[in-house]
Amino acid sequence: MKAKTRNLAFLLGFLAVALVLAGVVSYFADPNPDGLDHATLEGCQVVRTANGEELRGSCIAQNAREHNLASSPLAGYSISGDSGTTGLAGVIGVAVTVVLAGGLFWVLRKRPGKSAE
Amino acid sequence: MSAVAMHMSDGLLDTKTSLLFAGVAVVGLAVAAARARNDLDDRTAPLAGLVAAFVFATQMLNFPVLPGVSGHLLGGALAAMLVGPWVGALCVSIVLVVQALVFADGGLTALGANITNMALIGTAAGFLVATLLKRFAKNRAGLAVTAFVAAFTNTVIASFGFVLEFAIGGDPAFSLGTVTATLVGVHCLIGVGEGVITALTLVAVAAVRPDLVYLLRGSHKALDVREETLA
């Protein structure tokens, strides 16, 4: 049973680190475009207008269509577009991911006795 | 808008190419799911779920690589070294699915291409390098170097995935050479960040629970055998 407790402690610690990264450290993330965006924006200037951001010039990113789910409540890693809620959105994301992934892996796992190796 | 999106949007690739890579992703994930079963048991399945959550969390942490340009972890090499390449590919895929469906990051028609690049190509390249360098991972420094090189390779090769897709179905008005130079160049820098984060994480997990690190499994056989002989 000692090994089981040790496993649980490790898993909880790992989860805590993920929650702190997504819930707290995420506020310190660099808001600049990432490598892929940078490459697709090459040739354009991002200009802020009254209607939001506009791309001037000629670049690949101009072909990008708006996301089908752009109006979903958690779009853009914040709740209803409020950048102060990034941490909460991150915590929700960690929770959704661990439930989905953990559930899938639990279903896929080898069960003792069922399959001989 | 661009600041909170990390993955390929819809519209960058034509429909045929998007469908082609959706097919590649489906086949790749089916193979990964079938092979993953062997690496998943009561002990490793919960860990694998947490590895996916950890990759989600670290992908949110964009770090600066150039003035006005950031990068973030892709996580395929990290996941593969922790829970194996098949489970690792599934971990990154689940993260990409959650990001596309819940956070509107990464286009729905581009999901197959995003999965192909980050979950399949990147993870495979990273794990291959990790396997080749594994014999040097005998101490903390060796493991850190192995993890760094594997993660760096993962990032750079994943960026070539986009180059391939853009070559097949991107807007021909734009020079492939320019896109390639910019994209791969910046991903060499991002790869350094990916390497550092991956090495730190892997060394930390290996320090606490080396028995849970997939990459180190073989090297602990000797220890197991000795314990059995003693018992």
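Numbers restart at 1 for each chain; the letters A, B, ... are given by sequence-line order, proteins then strands. Note that this is a predicted model, so its numbers are computed, not measured.
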(Q) I'd like to know which of B:T180, B:T182, B:V69 tops the heavy-atom pair count under 4.5 Å against chain A. (A) B:V69
Q) Does any heavy atom of chain A fall under 4.5 Å from the side chain of B:V55, the backbone, both, or neither of them? A) neither
Q.
Has B:S70 got a side-chain atom pairing as donor or acceptor with A:N32's backbone, closer than 3.5 angstrom?
A. yes
Q. Which pair of heavy atoms, one from A:S58 and one from B:F174, lies closest together, and at what distance?
A. OG-CE2, 3.6 Å
Q | chain A interface, residue from B:L50, B:D41, B:V186, B:L183 that has the most non-hydrogen pairs under 4.5 Å | A | B:L50
Q.
Does anything in residues 155-169 of chain B reach chain A? List residues with heavy atoms under 4.5 Å apart, or say none.
A. B:F162, B:F166
Q. What are the two closest heavy atoms between A:K110 and B:N38, and how far apart are they?
A. NZ-O, 3.2 Å
Q.
If I compare all heavy atoms of A:I60 with all of B:L12, which pair ends up nearest, and what's the gap?
A. O-CD2, 3.5 Å
Q: Heavy-atom pairs under 4.5 Å with chain B are the metric here; pick the option from A:V17, A:T97, A:V25 that has the most.
A: A:T97
Q | Residue selection (most heavy-atom pairs with chain A, distance under 4.5 Å) from B:D39, B:L40, B:V97, B:V208 | A | B:L40
Q. For A:Q62 and B:D171, what are the C-alpha separation, side-chain angles and deciding distance, and is it a side chain to side chain contact (heavy atoms under 4.5 Å, CB included)?
A. CA-CA 10 Å; A:Q62 285 164 323; B:D171 187 340; over 6 Å; no
Q: Determine, step by step, whether B:F63 and A:D30 satisfy the side chain to side chain contact (heavy atoms under 4.5 Å, CB included) criterion, reporting the C-alpha distance in whole Å, the side-chain angles of both residues, the deciding distance to 0.1 Å, and the verdict.
A: CA-CA 5 Å; B:F63 47 84; A:D30 185 342; 5.8 Å; no
Q: Please step through side chain to side chain contact (heavy atoms under 4.5 Å, CB included) for the pair B:L90 and A:L108, ending with a clear verdict.
A: CA-CA 11 Å; B:L90 296 179; A:L108 282 179; 4.0 Å; yes
Q. When you look at A:N7 and B:L212, which way does the side chain to side chain contact (heavy atoms under 4.5 Å, CB included) test go after all the steps?
A. CA-CA 10 Å; A:N7 260 340; B:L212 287 180; 4.3 Å; yes
(Q) Can you tell me which of A:A29, A:S26, A:G103, A:S71 forms the most heavy-atom pairs within a distance under 4.5 Å of chain B? (A) A:A29
Q. Is any side-chain heavy atom of B:F56 less than 4.5 Å from a side-chain heavy atom of A:V98?
A. no
Q) Shortest non-hydrogen contact from B:H72 to A:D34? A) NE2-OD2, 3.2 Å
Q) Taking only residues two or more places apart in sequence or in another chain, which ones pass side chain to side chain contact (heavy atoms under 4.5 Å, CB included) with A:L69? A) A:H67, A:S72, B:L101, B:A104, B:L108
Q | Distance-minimising heavy-atom pair for B:A48 and A:F105 | A | CB-CD1, 3.4 Å
**Q.** Shortest non-hydrogen contact between A:A22 and B:A57, atoms and distance
**A.** CB-CB, 3.8 Å
Q.
If the contact rule is any heavy atom under 4.5 Å from chain A, which residues of residues 28-37 of chain B qualify, in numerical order?
A. B:A33, B:R37
Q.
Can you tell me which residue among A:L21, A:T86, A:V94 is in a side-chain contact (heavy atoms from CB on, under 4.5 Å) with B:M60?
A. A:T86
Q. Using a heavy-atom distance cut-off of less than 4.5 Å, which residues of residues 187-197 of chain B contact chain A?
A. B:H187, B:I190
Q.
Quick check on B:V102 against chain A: is it the side chain, the backbone, both or neither that has a heavy atom closer than 4.5 Å?
A. both
Q: Determine the option with the most heavy-atom pairs under 4.5 angstrom with chain B, choosing from A:G23, A:G13, A:G93.
A: A:G93
